[in-house]
Amino acid sequence: CVSIYIWECSNTLIILAVYERIQKRGETNDEGKHYQGVTAFSDVDGYTIYLQGSGVLLRFGFHNTYHLDYEHDKHKDDFLKKLHNIANEE
C-alpha cells in the first residue's frame, strides 16, 4: 500500500480481520457465522465475502474492492461501529 491508498488499504485490512475474527469466534447460523451483531459468509467459490448487520450488507471481492448496501446513514454508522469494535477486540 502506498500513501495515497492508506485509507483504502486500512479498510481492506479491517474488513479481512473482522471476517476472520467472526469465522473463529462466531456461532454458526443458516447464513454463516454470527458474532457481536455481524454475520460473515462467503459465496460458494470463496472469492467474495460478505459482512451483514444493522441493515447493511458489505460485499468484499476481487481486487480488494468493497461495496456497502444500506438505506439510512444511521444503519451504516452503527454497522461500521460494530466492525470497529470487533477489529479492536483482543
Side-chain angles (χ1 to χ4, degrees):
C1 299
V2 293
S3 60
I4 60 172
Y5 296 110
I6 286 177
W7 187 81
E8 289 86 357
C9 292
S10 175
N11 283 344
T12 296
L13 294 174
I14 290 169
I15 292 167
L16 292 173
V18 168
Y19 181 84
E20 285 301 313
R21 184 157 288 158
I22 293 171
Q23 291 301 310
K24 289 179 182 172
R25 298 182 181 178
E27 301 221 4
T28 302
N29 65 22
D30 291 340
E31 296 176 344
K33 296 273 189 145
H34 186 79
Y35 182 71
Q36 301 293 332
V38 179
T39 301
F41 55 98
S42 68
D43 60 4
V44 177
D45 60 15
Y47 285 116
T48 304
I49 63 171
Y50 300 89
L51 298 174
Q52 184 174 21
S54 302
V56 177
L57 176 65
L58 182 151
R59 182 177 64 248
F60 181 88
F62 197 61
H63 293 301
N64 294 331
T65 58
Y66 63 93
H67 179 77
L68 291 167
D69 290 319
Y70 59 93
E71 289 189 27
H72 304 286
D73 286 340
K74 170 76 173 107
H75 295 159
K76 180 189 76 167
D77 295 342
D78 186 53
F79 178 74
L80 294 176
K81 184 176 180 181
K82 287 178 182 180
L83 297 189
H84 175 80
N85 289 341
I86 292 169
N88 289 299
E89 287 182 351
E90 293 201 19

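Note that this is a predicted model, so its numbers are computed, not measured.
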(request) Quick one: pull up CD in Gln52 and CZ in Phe41 and give me the separation to the nearest 0.5 Å. (result) 5.0 Å
(message) Contact between Leu83 and Leu58 at the side-chain level, heavy atoms closer than 4.5 Å - yes or no?
(response) yes
(message) Donor-acceptor pair, distance only, cut-off 3.5 Å: does the side chain of Asn88 make one with the backbone of His84?
(response) yes
(message) Between Ile22 and Leu57, is there shared hydrophobic-cluster membership here, with clusters defined by ILVMFWY side-chain heavy atoms closer than 4.5 Å?
(response) no
(request) Determine the minimum heavy-atom distance between Gly53 and Phe79, stating which atoms define it. (result) O-CD1, 3.3 Å
(message) Test: salt bridge (Lys or Arg N to Asp or Glu O under 4.0 Å). Region: residues 61-71. Which pairs qualify, not counting sequence neighbours?
(response) Arg59-Asp69
(request) Quick one: closest heavy-atom pair of Phe60 and Thr12, and the distance? (result) CZ-CG2, 3.7 Å
(message) Within this structure, what is the NZ-CG distance for the pair Lys82 and Leu51, rounded to the nearest 0.5 Å?
(response) 12.0 Å
(message) Hydrophobic cluster membership, with links at side-chain heavy-atom distances under 4.5 Å among I/L/V/M/F/W/Y: are Ile49 and Tyr66 in one?
(response) yes
(message) For Lys81, is there an ion pair with Asp77 - N to carboxylate O distance below 4.0 angstrom?
(response) no
(request) Take Lys76 and Leu80 through the test side-chain contact (heavy atoms from CB on, under 4.5 Å) and record every step on the way to the result. (result) CA-CA 6 Å; Lys76 180 189 76 167; Leu80 294 176; 3.9 Å; yes
(request) For Asp30, look at atom CG and say whether over 12 heavy atoms of other residues, nucleotides or ligands are found less than 6.0 Å away. (result) no
(request) For the pair Arg25 and Gln36, evaluate side-chain contact (heavy atoms from CB on, under 4.5 Å) and give the outcome as yes or no after the intermediate values. (result) CA-CA 10 Å; Arg25 298 182 181 178; Gln36 301 293 332; over 6 Å; no
(message) Between Asn29 and Thr39, is there a side-chain heavy-atom distance shorter than 4.5 Å?
(response) yes
(request) Is it possible for you to say whether Leu16 and Tyr50 belong to one hydrophobic cluster, with membership spreading through side-chain heavy-atom contacts below 4.5 Å? (result) no
(message) What verdict does the side-chain contact (heavy atoms from CB on, under 4.5 Å) test give for Ile15 and Asn64, after you've listed the backbone C-alpha separation in whole Å, the side-chain angles of each residue and the deciding distance to 0.1 Å?
(response) CA-CA 10 Å; Ile15 292 167; Asn64 294 331; over 6 Å; no
(message) Tell me the closest heavy-atom pair linking Arg21 and Ile86, and the distance in Å.
(response) NH1-O, 2.6 Å
(request) State whether a side-chain donor-acceptor pair under 3.5 Å links His75 with Ser54. (result) no
(message) Going by side-chain hydrogen bond (donor to acceptor under 3.5 Å, both in side chains), name the residues that satisfy it together with Lys33, two or more places apart in sequence or in a different chain.
(response) none
(message) I'd like to know whether Tyr19 forms a side-chain contact (heavy atoms from CB on, under 4.5 Å) with Ser42, so could you lay out the CA-CA distance, the side-chain angles of the two residues, the decisive distance to 0.1 Å, and finally the verdict.
(response) CA-CA 10 Å; Tyr19 181 84; Ser42 68; 3.6 Å; yes
